[in-house]
Amino acid sequence: MTKKMKKEAKVLSQKLLADGIFDLWLETEIARDTCPGQFVGVYTVNKAALLPRPISVCEVNKEKTAIRLVYRVVGTGTAEFALYQPGDYMMILGPLGSGFPLEKAEGKKVVLMGGGIGVPPLLETAKRLSEGTDKKALDVITVMGYRNSETFLSEEFEKYSRLYIASDDGSVGTKGNVIDALKEKKIDCDVIFACGPMPMLKGIKAYAQENGIKAYLSLEERMACGVGACLGCICKTKKVDDHSHVKNARICTDGPVFDADDLDM
Amino acid sequence: MTKKMKKEAKVLSQKLLADGIFDLWLETEIARDTCPGQFVGVYTVNKAALLPRPISVCEVNKEKTAIRLVYRVVGTGTAEFALYQPGDYMMILGPLGSGFPLEKAEGKKVVLMGGGIGVPPLLETAKRLSEGTDKKALDVITVMGYRNSETFLSEEFEKYSRLYIASDDGSVGTKGNVIDALKEKKIDCDVIFACGPMPMLKGIKAYAQENGIKAYLSLEERMACGVGACLGCICKTKKVDDHSHVKNARICTDGPVFDADDLDM
Amino acid sequence: MNTKVKIAGVEFNNPVMTASGTFGSGMEYAEFVDLNKLGAVVTKGVANVPWEGNPTPRVAEVYGGMLNAIGLQNPGVDVFINRDLEFLKKYDTKVIVNVCGKSVEDYLEVVERLSDEERVDMLEINVSCPNVKEGAIAFGQKKEALFDITSRIKKVSKKPIIMKLSPNVTSIAEMAKAAEAAGADAISLINTITGMKIDIYKRKFALANKTGGLSGPAIKPVAVRMVYEASKAVNIPIIGMGGIASAEDAIEFIMAGATAVAVGAMNFHDPYLTGKVVDGIEEYMRNYNVDDINSIRGIVE
Amino acid sequence: MNTKVKIAGVEFNNPVMTASGTFGSGMEYAEFVDLNKLGAVVTKGVANVPWEGNPTPRVAEVYGGMLNAIGLQNPGVDVFINRDLEFLKKYDTKVIVNVCGKSVEDYLEVVERLSDEERVDMLEINVSCPNVKEGAIAFGQKKEALFDITSRIKKVSKKPIIMKLSPNVTSIAEMAKAAEAAGADAISLINTITGMKIDIYKRKFALANKTGGLSGPAIKPVAVRMVYEASKAVNIPIIGMGGIASAEDAIEFIMAGATAVAVGAMNFHDPYLTGKVVDGIEEYMRNYNVDDINSIRGIVE
Ligand SMILES: Cc1cc2nc3c(=O)[nH]c(=O)nc-3n(C[C@H](O)[C@H](O)[C@H](O)COP(=O)(O)OP(=O)(O)OC[C@H]3O[C@@H](n4cnc5c(N)ncnc54)[C@H](O)[C@@H]3O)c2cc1C
Ligand SMILES: Cc1cc2nc3c(=O)[nH]c(=O)nc-3n(C[C@H](O)[C@H](O)[C@H](O)COP(=O)(O)OP(=O)(O)OC[C@H]3O[C@@H](n4cnc5c(N)ncnc54)[C@H](O)[C@@H]3O)c2cc1C
Ligand SMILES: Cc1cc2nc3c(=O)[nH]c(=O)nc-3n(C[C@H](O)[C@H](O)[C@H](O)COP(=O)(O)O)c2cc1C
Ligand SMILES: Cc1cc2nc3c(=O)[nH]c(=O)nc-3n(C[C@H](O)[C@H](O)[C@H](O)COP(=O)(O)O)c2cc1C
Ligand code: FES
Ligand code: FES
């Protein structure tokens with residue numbers, strides 16, 4: 001397991017990617033051992049807010065020992081992060097969580113499905129699975145769902161995968177959500193990796209079960225410690241969980257990515 | 001009375017004046033109506049600390065609509081202030097308090113006595129009384145007490161007054177406090193304006209009474225509102241106070257400068 | 001859009017009030033805020049005779065708030081009527097006078113004196129100040145004592161009565177019920193939570209009084225919870241306070257069950273705050289299609 | 001320089017402990033802090049059988065702190081002994097096990113099971129969790145109930161007993177006295193203060209449980225005051241906690257009368273904090289010529 005640390009990270013660049021969505025590169029030792037699907041806890045300078053904000057790692061650049069975070073401004077913390085300029089420092093905790101099980105996609109047809117701010121965590125996954133950095137998939141297909149025509153990161157996904165888009169307003173790709181796109185495009189696959197809002201994840205789980213596909217889902221929950229100590233961020237599991245000995249797994253440590261079959265959603 | 005306001009002020013310059021003592025110029029509308037001896041409340045960005053820090057106005061530059069604050073770093077607030085750079089903004093509330101009664105020194109021999117961080121508030125006082133901007137004194141003498149040879153602001157006082165120095169360690173001027181210097185130099189006067197630590201002020205009050213001199217003392221107390229509403233910052237007075245109808249005056253509004261004869265110290 | 005709220009027959013233009021002791025009688029803040037804009041000015045506590053209050057230091061800053069141990073310094077009810085109430089006659093806002101005392105008789109005397117003052121719309125009875133040794137908080141920490149003082153005040157008062165409750169109790173619901181049972185027209189909460197700060201370099205209490213009352217954003221979650229619990233326990237209106245720093249905070253209290261809210265220590269952080277809260281509530285109502293402020297009271301699920 | 005403190009015959013290398021529930025059993029933080037450096041590891045509450053805890057959201061951030069309503073999820077005492085205590089055998093630090101239950105019998109069962117475990121140095125009895133409906137806090141809010149459960153636990157326990165008190169009471173001094181009278185070897189305080197947060201846009205409680213326990217720097221002044229009041233009321237040692245974020249904060253609790261201190265929610269802000277507090281206390285002692293940490297206990301004037 002990679003050693004977790006809380007460290008200052010240097011802002012290398014930050015730009016607006018789409019309405020309210022920011023694209024931030026941070027130079028940090030944490031980059032050395034980060035796997036796709038893992039996240040970091042980002043601290044605010046604002047002392048009224050003391051808990052770290054969980055933000056997924058979107059991309060890793062090992063040469064520059066840098067990670068990329070793509071986040072939506074939704075509250076005090078993310079609003080503060082958006083103000084950072086190159087050269088500024090931010091305090092981050094990581095790497096956190098377990099990431100996507102790339103080995104489950106090895107030599108397989110994998111579909112990566114992301115909705116809204118669930119899109120970014122899949123970029124590094126797509127990259128590694130297509131380039132075979134760790135494990136190589138047979139075929140990498142991505143299905144990304146957006147609100148409208150602001151399809152942030154889509155050109156980058158095209159580099160590593162066959163990309164299908166769904167949009168709520170129908171302005172790009174399939175009108176509807178990612179499952180609608182999957183069905184419309186009759187995409188078949190062995191494995192799904194997904195990240196996005198709960199209704200989407202529930203839909204994917206059902207779809208995967210019906211079609212005999214393995215699905216791995218990245219979940220979100222309110223967190224305090226981010227390291228598995230506070231038991232704040234649990235999700236319900238089908239079986240008694242190994243750590244808790246009740247049917248609760250910790251999203252921050254046992255996840256955020258879970259085998260859909262293990263989840264009681 | 002001058003209208004109080006809470007406004008952003010622009011940092012024009014900041015420099016280290018002596019060990020731990022900073023010299024800050026702020027561009028602010030508050031400069032328009034500020035009298036010597038008044039103070040401002042300076043707010044921190046740190047949201048853990050919500051109360052304004054009272055800092056005396058050291059000098060006023062009406063052309064630049066700017067005020068000068070000279071302060072010692074002693075805690076979280078002042079440590080934050082020391083980080084500000086030209087072009088930054090700080091939130092300040094003012095002008096607060098009533099200031100030195102310059103009219104009481106008009107045509108008189110006045111001694112301004114400052115101890116430690118009580119030195120700065122007297123600079124604008126010395127300037128106005130010597131230049132006669134508002135009222136002109138017959139003679140302006142200043143007696144400033146320092147810890148050691150770091151006699152910050154002393155050259156500036158020399159421009160407006162005959163300056164005597166006392167230092168705790170005897171490295172400059174009279175060894176001892178400002179009263180020791182007053183006695184040693186056999187300075188006689190009609191009026192004293194003083195600012196500094198409580199023991200010094202008590203000594204000055206006693207000295208003034210013995211020698212039939214009028215003394216006006218600038219007091220300090222922990223403050224919350226700074227505008228006279230919370231009753232946090234009172235000092236004991238001899239007579240029932242006009243506002244409180246008990247023997248308490250509010251330092252932030254009725255003071256910080258008081259006629260020594262009115263105080264029950 | 002309706003922002004008017006009613007408490008015991010008194011109609012307030014909006015639910016925003018000042019928390020007693022943090023706004024004087026409005027004089028000092030009239031420079032910053034148009035008092036006519038406020039739902040009500042709630043004055044500093046006033047007693048039958050002038051009180052000196054506690055020695056200094058009386059205030060200390062703590063994380064996200066402050067401690068105070070003013071000790072209810074006040075000029076007494078006579079000066080208050082002649083000066084403060086006179087001053088407030090210039091304004092078209094409701095006036096709630098906060099009343100303190102050391103014995104039940106003290107309270108009754110002030111209540112009777114104020115009962116005939118036209119400028120007074122309601123009385124808020126402070127039985128929860130943690131900073132005076134005699135009486136005061138004792139009435140606010142025992143439900144029998146609270147019941148007793150409330151019913152005795154109700155007997156003599158010609159003005160509607162708000163009982164101001166202490167958070168320093170095991171069950172706020174029981175205290176609220178006792179006040180209601182004794183005839184209180186409304187309750188307000190929370191007063192400050194007793195706290196302490198020690199200067200570890202001087203090895204001394206930060207306050208001369210040793211303990212003081214904690215207020216400011218730090219206490220907001222406790223205050224919201226108590227307003228919620230009280231609102232479930234009684235049917236009389238509640239004035240909620242404790243750490244309000246924005247219109248959003250004010251709405252949080254209203255959704256927890258408060259009919260009106262009061263801004264306290266954060267006036268010291270931002271002297272314009274009360275006015276901003278009034279504006280911000282209207283903005284929220286516009287943005288989220290709330291036609292009547294009364295429609296979101298206690299709406300939390 | 002002596003940093004050792006003694007509680008009920010158990011000697012701790014220094015007064016710095018972890019607050020129950022914020023540090024697991026140390027496993028998760030062992031990556032950040034050398035557990036051997038700590039005075040003691042205080043574990044998450046453990047019950048006779050596994051508990052599921054509350055639905056999510058279980059945590060919410062508030063000004064200067066957080067709310068939690070974990071609901072004492074735990075794997076039960078058997079797993080705890082086999083896994084957590086086993087893990088702790090690798091370390092040379094004292095171990096205090098926090099015990100929870102829904103009935104007196106539950107508590108007694110856990111206490112008896114742990115009584116024979118060598119790795120356990122003391123037991124901390126949590127009678128103050130505001131987040132479980134049955135039992136728990138009820139024992140911590142009525143002095144008779146506290147007296148009763150304490151004496152019954154003392155009868156069966158072979159380990160020294162720390163009673164963990166709730167701040168949600170009118171008089172902490174009375175509760176402390178009840179615990180002492182019933183034979184508690186020490187008391188610890190404060191547990192969290194019950195609070196609430198409402199999301200005004202969703203019009204929903206931020207926590208599924210509606211209320212949660214407030215912790216973090218926001219509550220420190222209340223905690224310091226209660227430690228002070230308790231220390232004046234009883235002669236048994238006190239473990240102080242509530243918002244500790246630095247060595248200075250820890251010393252503030254010691255000067256208020258605590259023999260030891262515990263770091264809680266601020267571990268989440270800084271996973272290295274416990275170690276820093278240990279170092280910072282030593283630095284303070286060096287800089288201010290304190291030879292023995294025990295010499296500044298309760299020294300405030
Ligand atoms: C494992 C994980 C990965 C995530 N990855 C991303 C990402 O890559 N990009 C992105 O934009 N967002 C991501 N999120 C959501 C992100 O954590 C929240 O948007 C963010 O915490 C909001 O912080 P704030 O201070 O702006 O909002 P506020 O509402 O002011 O935050 C208040 C508190 O609530 C918490 N909070 C608020 N929203 C969420 C949420 N949706 N999930 C968890 N905690 C929340 C905050 O962390 C904070 O403690 C992720 C969440 C999780 C759990
Ligand atoms: C009328 C007046 C004029 C002043 N003028 C000056 C000046 O010109 N230059 C200067 O260096 N200092 C001046 N002081 C003292 C200055 O206010 C404090 O040094 C400053 O507030 C410390 O803030 P801090 O956050 O650094 O310290 P902290 O100790 O972290 O502050 C904690 C709290 O205590 C208050 N506080 C701490 N020390 C004092 C103090 N001595 N007086 C009042 N409140 C205090 C702070 O305002 C804050 O609310 C003046 C004080 C008063 C009352
Ligand atoms: C400086 C100060 C003085 C106060 N004086 C009184 C008072 O006279 N009467 C009273 O009922 N409450 C008094 N209070 C309590 C407030 O009215 C309010 O209940 C409490 O501060 C919580 O609100 P806040 O967090 O918004 O300040 C005072 C509070 C402060 C900070
Ligand atoms: C997430 C969380 C879980 C907690 N779980 C327990 C527990 O199991 N048993 C207990 O006695 N106290 C528990 N507490 C209370 C803490 O031990 C401590 O008393 C309280 O948080 C105050 O300290 P702090 O402000 O430093 O966090 C918990 C606190 C938090 C924040
Ligand atoms: S956030 Fe603490 S266990 Fe996951
Ligand atoms: S600081 Fe509030 S009255 Fe002076």
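This one's a predicted model, so the numbers in the text were calculated from it and none came from an experiment. Proteins come first, then strands; the chains are lettered A, B, ... in the order of their sequence lines, and each starts at number 1.
Put simply, CE on C/Met226 and CD1 on C/Ile219 are 9.5 Å apart, with the number rounded to the nearest 0.5 Å. Note that CE of D/Met175 is 7.5 Å distant from CD of D/Gln141, once rounded to the nearest 0.5 Å.
For the pair C/Tyr284 (side chain) and D/Ile200 (backbone), a donor-acceptor distance under 3.5 Å is present. Remark: the backbone N or O of D/Ile198 is paired with a side-chain donor or acceptor of C/Glu252 at under 3.5 angstrom.
Heavy atoms of D/Lys210 lying under 4.5 Å from chain C belong exclusively to its side chain. Contacts of D/Ile254 with chain C are absent, with no heavy-atom separation under 4.5 Å from either backbone or side chain. The contact between D/Ile251 and chain C is made by backbone and side chain atoms together, counting heavy-atom distances below 4.5 Å. Residue contact with chain C, scored on non-hydrogen atoms closer than 4.5 Å, involves the side chain of D/Val62 exclusively. Of the atoms belonging to D/Leu214, it is side-chain heavy atoms, and not backbone ones, that fall under 4.5 Å from chain C. Of the two parts of D/Tyr228, only the side chain, counted from C-beta on, holds a non-hydrogen atom closer than 4.5 Å to a non-hydrogen atom of chain C.
Of the listed residues C/Val169, C/Val224, C/Asp199, the one with more heavy-atom pairs under 4.5 angstrom with chain D than any other is C/Val169.
For the residue pair C/Thr150 and C/Asp148, no side-chain donor N or O sits within less than 3.5 Å of a side-chain acceptor on the partner.
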